[in-house]
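Everything numeric in this text was worked out from a predicted model, so none of it was measured. Start at 1 and go down the list; that is how both ligands and their atoms are numbered.
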Amino acid sequence: MSYVRDYSASLQRRDSFWLKQAQQLHWFKEPATGASLQADGCAHWFADGELNVAFMALDYHVDNGRGEQTALIYDSPVTATKQQFSYRQLRDEVALFAGLLQQQGVKPGDRVVIYMPMIPQAAIAMLACARLGAIHSVVFGGFAAHELALRIDDAQPKVVISASCGIEVHRVIAYKPLLDKALELSHYQPQRVIVWQRPQAPAQLSAGRDIDWQQALRGVTPAKCAVMPATAPLYILYTSGTTGKPKGVVRDSGGYAVALHYSMQMVYGLKPGEVMFTASDVGWVVGHSYIVYGPLLAGATTIMYEGKPVKTPDAAAFWRICAEYRVQVLFAAPTAFRAIKKEDPSGALMVGHDLSALQRIYMAGERLDPPTYEWTRELTGKPVYDHWWQTESGWAICANPVGAGEYPVKPGSATLPMPGYDVQILAADGSPVADNEQGAVAIKLPLPPGCLTSIWGSHERFVQSYLSEFPGYYSSGDGGYKDDDGYVFIMGRTDDVINVAGHRLSTGEMEQVLALDPAVAECAVIGVHDELKGQIPIGLVITKDGVELSPQQLSERLVQLVRNEIGALACLRTVVVVPRLPKTRSGKILRRLLRELAEGKPVNVPSTIDDPACVDELKSLLNPPA
Ligand code: COA
Ligand code: AMP
């Protein structure tokens, strides 16, 4: 493999390059067509190919000598459980559960919502959907009922699959009451709810609608793999946009399988039989791509870890797992390493864990800040790589092409565009900016295999959200620059999306929730820098006349409202009551100014401000003297 050769071939001889990558996988009907260009400028990939992604990920390996190799390791410090599934066992469990779904009427193209914690049954449910050609939509277990209801209404699933509970560090979170509440809130009702009962908090089942996973499997016939067109959606994954309504990113089957398989070599340098530990959650894209599909497509071993980087039981958790399972590739969010660093800055807890198998450490989900990069590299002595991607892309847009020979690392940079991604930095008018100058990070169309093909239920929203800002380009929503060597530096979002502990959240959505409170006349939510989580949200509210609550009481009520409506993961812990918000003369809230004030930075008061007097007032409220 050569990065330069692959990169130029991927853009100049697009079809032959990707068809060659496609040949590495086992298709039911191998594609002869690469990209079919659509009216919107995007491509549908491998349109004449036929496949089943679960077959490629499991059956193929069982049929080709990997049946007894470990496919999935479940390690759960929160329940003191460890379990391993060989490729054969996992294939059989998936086929059986797919049989149950089939018995419940699930057919190709039907949607299935999965609301589960990090247990093997979550992966089994995903792969069972793929086996049937049904479209799964996994909802992160930390989301509250309202968020789940939004996704159920949008995806309209025939079946919802859940577990009775999830387990956080010191508490059990009963999922079923949250799901019941979501189903009360949603207009759409699924035909069936399947619940995996966990002993920590068994769920009450509603007769007629809910069934017990373990009991219902008795007597079920395993299902065969459906033969699916490459362009059939494999899943919908909701992500935060700038409005309150999450966007259902639609992922195809063939393009995704090819891109992931390619990335396993090019980005992660992982060989079949090696072990990948991705410390994320199946509710996020990282979990879809590199806990479930990527490692299995590659014939590797994946680890599902139900725990945290710290406190389960301590900051050695990652090192313990890497040593115990001889992990080659570790992938987590920078915030996880910052949490480890905070608890164990000198790495005392790492001592005694044999990390000799560990080859590389990867980080994504948010910018890898140079201090965290340096600390991790120095402590472990392993190469550490930042790579930049999004729910929308499904795999790395920029990374270090280690499969083709490592490029020098520049701290703060996600390194180089991966094959297929023509990354350009554009000015507001769409013209390219010079090297080292910041602009909007855009990708020239068509996007390579693996990237989203639409927004579920609204292709118009897809075009409007991603393709309309710069005609002929996908606009990533991130700002950044390229240096003289073509290295890409991603500096942060240019929209109202914030990144809290590697979780993507919308400030617009939080504002909608705050506005639900009868005491709130107007509000703004901004993301401010946080040492541990990268960013955290802060709410600012103006109360209606006649509100008798103290600012403290109102603040507590609003914090609870966001926890109830969005979930604790939103981490909105501070809401400040303010008399006015800074606005332009045309009425737009000056968020950058608010951020500068809240972070205690020097403020740039724009000339367009309507009421300059409010700046000093806000300064004292947002930044009270210590
Ligand atoms: N189900 C229910 N609640 C959840 C949850 C889940 N799956 N995940 C998080 N929460 C809750 C937590 O319990 C916490 O609630 P609390 O406010 O009542 O304490 C809240 O959401 C915030 O959680 P978290 O962001 O995990 O904060 P933390 O302070 O408990 O832990 C870190 C800090 C850094 C250890 C943690 O954020 C972490 O592991 N980050 C890495 C995230 C990651 O892997 N992201 C992947 C993106 S690729
Ligand atoms: P998500 O869709 O949840 O994966 O979030 C994607 C967003 O996270 C991107 O648009 C970036 O803003 C941010 N992000 C992810 N990885 C990186 C990275 N390596 N460097 C900088 N930002 C990142």
(request) Going by heavy-atom distance to atom 5 (C) of ligand 1, choose the closest among Lys533, Glu168, His503. (result) Glu168

(message) Minimum distance, heavy atoms only, to atom 43 (C) of ligand 1: which one of Gly283, Ala501, Ala336 is it?
(response)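 Of the listed residues, Ala501 has the closest heavy atom.
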
(request) Could you check Phe277 against Tyr325 for ring pair (Phe, Tyr, Trp, His ring centres under 6.0 Å), going step by step and ending with a plain yes or no? (result) CA-CA 9 Å; Phe277 170 30; Tyr325 304 113; 8.4 Å; no

(message) Are any of the N/O atoms on Leu532, whether in the backbone or the side chain, positioned under 3.5 angstrom from an N/O atom of ligand 1?
(response) no

(message) With ring pair (Phe, Tyr, Trp, His ring centres under 6.0 Å) as the criterion, how do His387 and Tyr268 come out once you've worked through the C-alpha distance, each side chain's angles and the decisive distance to 0.1 Å?
(response) CA-CA 10 Å; His387 59 328; Tyr268 303 100; 5.5 Å; yes

Structural part of [X] in contact with ligand 2, heavy atom criterion under 4.0 angstrom:
X      : value
Arg493 : side chain
His503 : neither
Asp386 : side chain

Provide, to 0.1 Å, the distance between [atom] and the closest protein heavy atom, together with that atom's residue and name.
atom                    : result
atom 20 (N) of ligand 2 : Arg367 CA, 3.3 Å
atom 10 (O) of ligand 2 : Asp478 OD2, 2.5 Å
atom 14 (C) of ligand 1 : Arg171 NH2, 3.9 Å
atom 18 (C) of ligand 2 : Glu366 O, 3.3 Å
atom 44 (O) of ligand 1 : Ala279 O, 3.3 Å
atom 2 (C) of ligand 1  : Ile173 CD1, 3.2 Å
atom 32 (C) of ligand 1 : Ala339 CB, 4.6 Å
atom 6 (C) of ligand 2  : Trp389 O, 3.6 Å
atom 41 (C) of ligand 1 : Thr335 CG2, 3.5 Å
atom 26 (O) of ligand 1 : Lys308 NZ, 2.8 Å
atom 1 (N) of ligand 1  : Gly142 CA, 3.3 Å
atom 4 (O) of ligand 2  : Thr391 N, 3.6 Å
atom 5 (O) of ligand 2  : Arg504 CD, 3.4 Å
atom 48 (S) of ligand 1 : Val286 CG2, 3.4 Å
atom 13 (C) of ligand 2 : Asn499 ND2, 3.5 Å

(message) Residue-level breakdown please: for Cys571 versus ligand 1, do any non-hydrogen atoms fall below 4.0 Å on the side chain, on the backbone, on both, or on neither?
(response)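 Contact part for Cys571 vs ligand 1: side chain (C-beta onward).
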
Under a 3.5 Å distance rule, please check whether [X] uses its side chain to pair with a backbone N or O of [Y] as donor and acceptor.
X      : Y      : answer
His288 : Trp284 : yes
Ser555 : Val576 : no
Lys382 : Leu358 : yes
Thr278 : Tyr290 : yes
Lys176 : Gln204 : yes

(request) Answer whether the closest heavy-atom distance between the side chains of Trp213 and Ile124 falls below 4.5 Å. (result)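 Sidechains of Ile124 and Trp213: in contact.
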
(message) If you define the side chain from C-beta out and look only at heavy atoms, does anything of Val193 sit under 4.5 Å from Leu183?
(response) yes

For [atom], state whether the nearest protein heavy atom is under 4.0 Å away.
atom                    : answer
atom 29 (O) of ligand 1 : yes
atom 46 (C) of ligand 1 : yes
atom 20 (C) of ligand 1 : yes

(request) Go through Glu556 and Gln552 one step at a time and tell me if the side-chain hydrogen bond (donor to acceptor under 3.5 Å, both in side chains) criterion holds. (result) CA-CA 6 Å; Glu556 283 167 15; Gln552 174 71 18; 2.7 Å; yes

Proximity flag [X] to ligand 1, non-hydrogen atoms under 4.0 Å:
X      : value
Met118 : no
Gly166 : no
Arg563 : yes
Glu366 : no
Lys311 : no
Pro309 : yes

(message) I want to check a possible cation-pi pair here: Arg198 against Tyr175, using under 6.0 Å from ring centre and within 45° of the ring axis as the test.
(response)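 That pair does not qualify as a cation-pi contact.
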
(request) Enter the distance from Leu445:CG to Tyr473:OH here, rounded to the nearest 0.5 Å. (result) 9.0 Å

(message) Are any of the N/O atoms on Gly365, whether in the backbone or the side chain, positioned under 3.5 angstrom from an N/O atom of ligand 2?
(response) yes

(message) Does ligand 2 come near enough to Glu392 that some N or O of the ligand is less than 3.5 Å from an N or O of the residue?
(response) no

Run the salt-bridge test on [X] and [Y] with the 4.0 Å N-O cut-off and return the result as yes or no.
X      : Y      : value
Glu366 : Arg338 : yes
Glu324 : Lys82  : yes
Arg377 : Glu374 : yes
Lys308 : Glu343 : no

Kindly assign one of parallel, tilted or perpendicular to the pair [X] and [Y], based on the angle between their ring planes and the thresholds 30° and 60°.
X      : Y      : result
Trp395 : Tyr262 : perpendicular
His459 : Phe462 : tilted
Tyr235 : Tyr256 : perpendicular
Tyr362 : Tyr385 : tilted

(message) I'd like to check which ligand 2 atoms, numbered from 1 as shown, lie under 4.0 Å from a non-hydrogen atom of Ile490.
(response)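 Taking each heavy atom of Ile490 in turn, ligand 2 has 21 (C), 22 (N) under 4.0 Å.
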
(message) So, 4.0 Å and heavy atoms of Ala414: is ligand 2 close enough to count as a contact?
(response) no

